[in-house]
Amino acid sequence: MLIKLILLVLGAWIVYRLVKNSGRTTVKRESAQKNEIGEDMVRCVQCGVHLPRSESIVSHGEYFCTNEHRQFHQK
Ligand SMILES: [Zn+2]
């Protein structure tokens, strides 16, 4: 009886995740296409991570992923 209940909850959880993910992947795909076509990717000088230019912080012609990395680099 307990196993049946666990399976039921697990099944409901999987369905919930699938529904949630299907909505999310559409958004992800759209933003990924936007990055490929419309936006340049830049590299953080401090840690080397790649991010869209619009999300980066530019300082003295160099790109950073976060304000902390910008401050760290300038020290
Ligand atoms: Zn960084």
Side-chain angles (χ1 to χ4, degrees):
M1 194 59 197
L2 189 68
I3 289 168
K4 256 190 180 177
L5 189 73
I6 290 166
L7 285 174
L8 195 75
V9 171
L10 202 70
W13 182 74
I14 288 166
V15 170
Y16 171 75
R17 284 292 300 269
L18 284 174
V19 170
K20 220 181 169 188
N21 280 347
S22 67
R24 217 183 255 171
T25 37
T26 320
V27 176
K28 241 185 196 172
R29 208 175 294 146
E30 277 172 9
S31 62
Q33 276 176 355
K34 202 178 174 187
N35 285 347
E36 276 172 31
I37 300 163
E39 222 176 338
D40 292 339
M41 298 297 279
V42 294
R43 192 170 170 274
C44 174
V45 176
Q46 187 61 37
C47 68
V49 78
H50 287 84
L51 70 159
R53 192 191 288 263
S54 65
E55 287 173 31
S56 67
I57 294 153
V58 188
S59 176
H60 305 292
E62 293 178 308
Y63 296 98
F64 302 91
C65 63
T66 58
N67 202 34
E68 285 82 54
H69 280 178
R70 184 182 65 83
Q71 287 168 340
F72 192 79
H73 188 75
Q74 284 173 345
K75 270 174 193 169

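Counting starts at 1 for both ligands and their atoms, following the listed order.
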Between the CG atom in Asn21 and the CD1 atom in Ile14, the distance rounded to the nearest 0.5 Å is 12.0 Å

Results of ring pair (Phe, Tyr, Trp, His ring centres under 6.0 Å) for His50 - residues two or more places apart only: none

Taking salt bridge (charged side-chain N to carboxylate O under 4.0 Å, His left out) as the test, write out the residues that go with Arg53, two or more places apart. Asp40

How many N, O or S atoms of the protein are nearer than 2.8 Å to the Zn ion (ligand 1)? 4

Using a 6.0 Å cut-off, check whether atom CD1 of Ile3 has over 12 heavy atoms from anything other than its own residue. no

Report the distance from atom OG of Ser56 to atom CZ of Arg43, rounding to the nearest 0.5 Å. 13.5 Å

Given a cutoff of under 4.5 Å between side-chain heavy atoms of I, L, V, M, F, W and Y, with clusters grown through shared members, what are the other residues clustered with Leu51? Val42, Val49, Val58, Tyr63

